[in-house]
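Note that ligands are numbered from 1 as they come in the structure, with each ligand's atoms numbered from 1 the same way. Sequence positions, counted from 1, serve as the residue numbers for this chain.
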Amino acid sequence: MSGELPVVLGVLALLYAVYRLWTRPSLFDIPGPEPTSFWLGHLPELFQEQSGDTDFKWQEEYGSVVRVKAPFGEDMLWTCDPKALQYVFQTSGYNFPKQPERRVLSRLVGDTGLTWADGDTHKRQRKVMLPAFGTPESKALLPVFRHYAEQVTLKWRDMLTGHASGSIKMNVHEYIAPATLEAIGEAAFDYKLGVLDDKTSELGRAYSNLIATIFSAPSNAKIFMQNVAHYVPMGIQQFFYDHLPGKGLDKARWNRVTARNVANELLEAKNDDLLTGKGNRDVMSILVRENAKESGESRMNHDEIVSQMRTIMLAGQETTSNTLSWALLELAKQPHIQSRLREEVHAMERTIRERGDADFTVADFEAMPYLQAVLKEILRFYPAVPHLFRQSLHDDVLPLSKPMMTRSGKVVTEIPIRAGLRIILSVCAYNREKDVWGEDAHAFNPERWLDPSKGKRGTSVGVYSNLLTFAGGVRACIGWRFAIYELQAFLTELVSNFQFELTEDVNRVCKTSAIVMVPTLEGELEKGAQMPLRVSLAPREE
Ligand code: HEM
């Protein structure tokens with residue numbers, strides 16, 4: 001009998017595995033588009049079309065929960081349902097970790113910093129970092145943001161001086177990107193990159209168009225590789241990314257070496273400052289101080305702190321610079337919104353002068369309802385990170401905010417899902433959900449924020465104004481306050497001083513998917529981010 005026991009146990013285990021496979025929740029009954037390619041599923045539509053177009057199409061046709069296909073016919077769930085999003089981001093804590101193949105991409109540009117970390121490692125890193133991103137800490141950085149916004153003004157005024165027509169067609173992104181890079185360098189690390197006037201700065205070049213070069217418009221082969229990677233252990237994936245040839249990968253590796261050299265030097269200086277009791281306000285100094293308070297295993301090691309520099313440089317710069325470029329495009333499209341915003345900014349500038357101050361405070365921004373409304377509408381309409389990717393750790397049940405009809409005609413209010421299901425959380429589609437934002441959700445309309453009966457309805461999802469733009473829960477954007485103050489600093493400065501108009505290129509501007517939504521010009525993808533606008537001095541009635 002003893003010889004038969006392993007066989008019996010083996011058969012039982014096999015039967016149990018078949019039973020689990022047979023009875024595990026399937027997405028078969030969830031509506032979704034017919035598969036177009038066995039090898040690629042629906043992913044090329046999502047990553048090669050203009051960012052958001054496919055999401056809005058699925059949302060219109062199938063609703064807020066859609067079954068889509070990944071390579072080899074694997075089911076994935078796409079959703080923009082508020083309750084499902086709330087459940088994944090907020091209720092479930094760490095039960096919906098990032099997909100490993102996405103973490104490998106994070107590591108490529110942010111090493112083993114916060115965007116890569118997961119579970120307990122993430123919890124530990126985030127605890128040490130949070131004090132550096134609080135409200136007072138972020139407010140204290142406003143003068144830095146204003147300074148670099150003013151640098152753009154000086155540059156453009158200089159360019160406009162003596163220009164016969166009084167206006168110049170320019171790629172505004174070319175100036176905004178280095179200014180926001182300088183801003184993050186100084187605010188986060190008390191480090192002057194010197195990229196505004198010096199295009200030869202090595203660190204500046206290492207960050208110029210980084211995301212667009214690595215991730216924009218992925219080929220079918222890239223989409224396939226990235227989305228079958230979860231069948232391959234993470235260590236092997238990382239090895240490939242560290243050694244495979246390619247323009248994007250080469251740039252990522254060069255960026256790593258360049259940024260880490262600077263980060264190592266900075267960390268040494270910050271540690272010396274700590275010993276001499278120097279109390280700098282930049283993010284890295286606070287982080288080093290907070291880390292020193294931790295004991296033993298709770299402390300971040302040298303490599304983890306250095307990794308945070310790459311993480312913050314990237315997460316903090318590509319997002320804000322692209323958001324600003326989209327904002328200026330929208331203001332150029334809607335001159336009445338631009339003029340109204342400018343009037344409010346000029347009126348506040350007069351108030352500031354009358355009280356004897358030299359510049360805006362955060363309280364001044366908060367006392368400008370139209371600025372707040374425009375900013376929220378920009379973040380709703382142009383979310384810098386249009387998709388988030390997670391997978392379920394356990395078999396689970398996703399609640400829905402309204403009943404949905406399955407393919408077989410059943411009406412359900414929740415969806416059972418199996419462990420390991422990969423989920424695409426559509427930030428861009430949630431930000432256009434008509435049940436949340438109203439029937440005009442697809443219109444850019446700051447008024448919705450001024451009318452308390454509109455917007456911010458229903459389930460609480462994100463950290464800021466119920467938008468999903470900064471995500472929510474334990475992995476919400478740690479720098480969201482920082483971003484809000486920086487965006488306000490730049491918007492007020494640029495709109496106060498300049499008028500923005502569309503050029504004949506407006507219809508060539510593409511929302512390119514590159515993890516973030518990058519503005520590029522049709523036919524000129526290789527030039528990276530571009531936002532061509534006509535810029536002139538703003539009218540001023542004083
Ligand atoms: C418009 C500006 C910004 C937007 C739209 C944005 C959006 C986001 C989103 C959606 C996430 C979640 C990503 C995910 O879970 O996969 C995130 C995470 C993160 N963001 Fe931001 N972000 C912005 C600005 C910033 C700034 C200015 C900083 C730093 C100074 C920053 C640092 C980070 C970091 C470190 C994370 C990882 C947080 C974690 O996993 O715990 N972001 N951001």
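Salt bridge E49/K57: absent, no basic N to carboxylate O contact under 4.0 Å. Under a 4.0 Å N-O distance rule, the pair D282/K270 qualifies as a salt bridge. With respect to the salt-bridge test (charged N to carboxylate O, under 4.0 angstrom), the residues E290 and K293 qualify. Look at R260 and D111 and you find a salt bridge, because one of the NZ, NE, NH1 or NH2 atoms lies within 4.0 Å of a carboxylate O, short of that distance.
Counting heavy-atom neighbours within 6.0 Å of F240 CZ, excluding the residue itself, gives a total of 12 or less. Annotation for E294: atom CD counts as buried by contact number, over 12 foreign heavy atoms lying within 6.0 Å. Other residues, nucleotides and ligands place no more than 12 heavy atoms under 6.0 Å from the NZ atom of K83.
Selection from V427, T469, V474 by nearest heavy atom to atom 10 (C) of ligand 1 gives T469. In this structure, of E486, R475, R103, H122, the residue bringing a heavy atom nearest to atom 41 (O) of ligand 1 is H122. Distances from atom 30 (C) of ligand 1 to the heavy atoms of L141, D118, I184, I515 put I184 nearest. Here the shortest heavy-atom distance to atom 42 (N) of ligand 1, taken over A483, A476, S138, C477, belongs to C477. Nearest-residue assignment for atom 1 (C) of ligand 1 (options T311, V516, T323, I484; heavy-atom criterion): T323.
With hydrogens left out, the protein atom closest to atom 4 (C) of ligand 1 is F470 CE2, 3.4 Å, a heavy atom. Among protein heavy atoms, atom 15 (O) of ligand 1 sits closest to R390 NH2, 2.8 Å. Ranking protein heavy atoms by distance to atom 32 (C) of ligand 1, first place goes to A315 CB, 3.5 Å. Closest protein heavy atom to atom 37 (C) of ligand 1: T115 CG2, 3.4 Å. Looking at atom 35 (C) of ligand 1, its nearest protein heavy atom turns out to be I478 CG2, 3.5 Å. Given atom 13 (C) of ligand 1, the protein heavy atom at minimum distance is L388 CD2, 3.6 Å. Closest protein heavy atom to atom 24 (C) of ligand 1: T319 OG1, 3.3 Å. The protein heavy-atom contact nearest to atom 26 (C) of ligand 1 is G316 CA, 3.4 Å.
With a 4.0 Å cut-off on non-hydrogen atoms, L114 touches ligand 1 through its backbone as well as its side chain. Under 4.0 Å from ligand 1, the heavy atoms of K98 that appear belong solely to its side chain.
Of all atoms in ligand 1, numbered sequentially from 1 with element shown, those under 4.0 Å from a heavy atom of F133 are 29 (C), 30 (C). Close approach of ligand 1 to R126 (heavy-atom distance below 4.0 Å) involves ligand atoms 38 (C), 39 (C), 41 (O). Close approach of ligand 1 to A384 (heavy-atom distance below 4.0 Å) involves ligand atoms 5 (C).
Ring centers of F145 and F482: under 6.0 Å apart, within the cut-off.
Checking E330 against Y382 by side-chain atom types alone, a donor-acceptor pair falls below 3.5 Å. Of the N and O atoms on the side chains of Y231 and E74, at least one donor lies less than 3.5 Å from an acceptor on the other residue.
Evaluated for a salt bridge (charged side-chain N to carboxylate O under 4.0 Å, His left out) with D118, the options K98, R390, R475 yield exactly one hit, R475.
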